[in-house]
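In what follows, a single structure is set out as structure tokens and then discussed.
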Amino acid sequence: MNDQDLVKLANDVRRNAHAPYSKFPVGAALLCADGTVVTGVNVESSVNGLSLCAERVAVFKAISEGKREFVKIAVSCPSDHCRPCGACRQVLFEHAPRLEILMGNPKGEFVRTTIAALLPDAFSLEA
Ligand code: THU
């Protein structure tokens, strides 16, 4: 899947977000090394602290389906060029230290970066 389509998918899947508290629907589309794409949305809870971001939902869904290698993730949210939060950066780094990231917006525009650029000098048990 090309970059534009990956961002479009991240944007389209936002309609499935469960974000009644923030009213900030986020979507993610994770391209796996086997060529498949796994999506995720943010799922919020009425109990503070239990909500999960779209990026982590996508990664955890993919892992639960047996996927282990990830190439690229597109993220889209209502504001311009969605930046993964710090918690998601750590999880993304642990599962894909060379991951490419497309930070998209609802118009389908995106800024390209990498997890290495977003989380330099990351924590690792193997350090
Ligand atoms: N959110 C994500 O899903 N991904 C991010 O990278 C940043 C924030 C969600 C969490 C919460 O449901 C809403 O956006 C507002 O913070």
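Read the numbers this way: they start at 1 and go in the same order the structure lists the ligands and their atoms.
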Donor-acceptor pair, side chain of Glu44 and main chain of Tyr21, under 3.5 angstrom: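 Present.
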Pairwise side-chain contact, [X] with [Y], heavy-atom cut-off 4.5 Å (strictly under):
| X | Y | answer |
| --- | --- | --- |
| Val41 | Val57 | no |
| Leu31 | Glu100 | no |
| Arg89 | Glu55 | no |

Could you pull out every protein residue that has a heavy atom closer than 4.0 Å to ligand 1, ordered by chain and then number?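 Those residues closer than 4.0 Å to ligand 1 by some heavy atom are Ser22, Phe24, Val26, Asn42, Glu44, Cys53, Ala54, Glu55, Arg83, Pro84, Cys85.
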How long is the gap from CG on Leu92 to CG on Leu118, to the nearest 0.5 Å?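 It is 9.0 Å, given to the nearest 0.5 Å.
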List the residues meeting side chain to side chain contact (heavy atoms under 4.5 Å, CB included) with Glu94, not counting sequence neighbours, and say none if there are none.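 Partners of Glu94 by the side chain to side chain contact (heavy atoms under 4.5 Å, CB included) criterion, ordered by chain and then number, come out as Gln90.
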